[in-house]
Amino acid sequence: SAVISQKPSRDICQRGTSLTIQCQVDSQVTMMFWYRQQPGQSLTLIATANQGSEATYESGFVIDKFPISRPNLTFSTLTVSNMSPEDSSIYLCSALGEGVIEQYFGPGTRLTVT
Amino acid sequence: GQNIDQPTEMTATEGAIVQINCTYQTSGFNGLFWYQQHAGEAPTFLSYNVLDGLEEKGRFSSFLSRSKGYSYLLLKELQMKDSASYLCAVRPPPGNTGKLIFGQGTTLQVKP
């Protein structure tokens, strides 16, 4: 199994600013993902974080708004840029190991934009 | 398109059995997953089905019928700690992307 930590656990930000969320996995994994969970909703995949190359974004999400980095096999960052109240959500990092079926999730970052 | 349906809420009694259904209509299929999520916590993996039939793991079992686009999660001997949201998720093709598409989740309340 993999243990995933995220920083910060929560933040309150003003509209127009940006926040970078860090995700650290305790073991090397092949795939890392970023999800969003809006209040009372389920999880929506934002993008797959690819090591050493640009992330693969899902429909409705763009790099300018959600730039992602993954410099190595255990670390990734998600930036929420030019925030608006609609970006208030929980952002979760997840990871999948090679040959492993289950996806592990971090505890999430609760973002409130005022 | 992708569509995954689950009941929004369910209530059951401690010690009883509850079945949470999930139907899916997806363009392709590479496995169905069930996750448990307690309020304010990360989702945790419960089960995985890729072939038709029943998978049992302790008090939890999950069933899949690919021809019907249908799965259920069965929880036996319910405990108060089973109060949580249960998320059904499908892995679309190609399976090696690791992506998951989640349903809206079913909030289960277990009452004494």
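Residue numbers start from 1 in every chain, and the chains themselves are labelled A, B, ... in the order their sequence lines are given, proteins ahead of strands.
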Part of Ser47(B) lying under 4.5 Å from any heavy atom of chain A
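Neither part.
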Select one option (side chain, backbone, both, neither) describing which atoms of Leu100(B) are under 4.5 Å from chain A's heavy atoms.
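Answer is both: backbone and side chain atoms of Leu100(B) are under 4.5 Å from chain A.
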Flag side-chain contact, heavy atom, 4.5 Å: [X] against [Y]:
X        : Y         : answer
Phe33(B) : Gln103(A) : no
Gln37(A) : Gln37(B)  : yes
Ile4(B)  : Ser42(A)  : no

For this output row, return yes or no: ring centroids of Tyr35(A) and Phe102(B) closer than 6.0 angstrom.
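Close enough - the centres of the two rings lie under 6.0 Å apart.
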Which pair of heavy atoms, one from Lys99(B) and one from Thr48(A), lies closest together, and at what distance?
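Residues Lys99(B) and Thr48(A), closest heavy atoms: CG-OG1, 4.3 Å.
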Please find the pair of heavy atoms, one from Leu92(A) and one from Ala42(B), that lie closest to each other, and give the distance.
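Heavy atoms of Leu92(A) and Ala42(B) come nearest at CD2-CA, 4.5 Å.
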[X], [Y]: one ILVMFWY side-chain cluster at the under-4.5 Å cut-off?
X        : Y        : result
Trp34(A) : Ile90(A) : no
Val62(A) : Ile68(A) : no
Tyr48(B) : Tyr35(B) : yes
Tyr57(A) : Ile21(A) : yes

Proximal component of Leu45(A), with respect to chain B [non-hydrogen, under 4.5 Å]:
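It is the side chain, since no backbone atom gets that close.
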Approximate separation, where rounding is to 0.5 Å, of Phe105(A) CZ and Phe45(B) CZ
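Atom-to-atom, Phe105(A):CZ and Phe45(B):CZ are 11.5 Å apart.
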Nearest 0.5 Å, please: how far is CD in Gln104(B) from CG in Leu43(A)?
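The CG atom of Leu43(A) sits 10.0 Å away from the CD atom of Gln104(B).
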Just wondering, more than 12 heavy atoms not from [X] lying within 6.0 Å of its [atom1]?
X        : atom1 : result
Ile12(A) : CD1   : no
Lys57(B) : NZ    : yes
Gln28(A) : CD    : no
Glu77(B) : CD    : no

Taking every heavy-atom pair that is under 4.5 Å apart, which of Leu87(B), Thr97(B), Thr44(B) has the most such pairs with chain A?
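Ranked by heavy-atom pairs under 4.5 Å with chain A, first place is Thr97(B).
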